[in-house]
Amino acid sequence: MLYFFDTRDNETFIKDEVGLECANLEAVKKKAAVSLAELARDVLPGSLRRVLSVEVRNAFQPILTDVLTFEAMVWLTKDGIAAPA
């Protein structure tokens, strides 16, 4: 069956127009997780807060959504001094 793996980076949505054939739900889950990890690898360095997702659908309905919320908490200033609480 053909599945579409749309991505979201905060408010930016990218619709998958091509799709990917997957044999079963386990294959869909694995592909979604790998896609989310690859997206995170590409966009998280240097970020302080991001919400990423891979939203999987077939031609008829949503199938699953994987979400990753990232938040960096900076405790030191650029001079290496602890920031006030």
Quiz item: Is it true that E38 and R41 make a salt bridge, defined as a side-chain N closer than 4.0 Å to a carboxylate O?
Solution: no

Quiz item: Does V28 sit in a hydrophobic cluster with other residues, and if so which ones, taking ILVMFWY side chains as linked at heavy-atom separations under 4.5 Å, directly or through other members?
Solution: M1, Y3, F5, L20, L25, L36, L39, V43, L44, L52, V54, V56, I63, L64, L68, F70

Quiz prompt | side-chain contact (heavy atoms from CB on, under 4.5 Å) assessment of R57 paired with K15 | solution = CA-CA 11 Å; R57 60 189 164 80; K15 185 175 183 177; 3.3 Å; yes

Practice problem: Compare every heavy atom of G19 with every heavy atom of D16, then report the nearest pair and how far apart it is. | Solution: OD1-N, 2.9 Å

Practice problem: Mark yes or no for whether N24, through its side chain, and A27, through its backbone, hold a donor-acceptor pair below 3.5 Å. | Solution: yes

Quiz item: Is the closest side-chain heavy-atom distance between F13 and E11 below 4.5 Å?
Solution: no

Quiz prompt | Heavy-atom side-chain proximity of R50 to N10 below 4.5 angstrom | solution = yes

Practice problem: Find the distance between OG1 (T7) and CD (E55) and round it off to the nearest 0.5 Å. | Solution: 8.5 Å

Quiz item: At what distance, to the nearest 0.5 angstrom, does OG of S35 lie from CG of D6?
Solution: 11.0 Å

Quiz item: With sequence neighbours excluded, what pairs up with D66 under the salt bridge (charged side-chain N to carboxylate O under 4.0 Å, His left out) test?
Solution: none

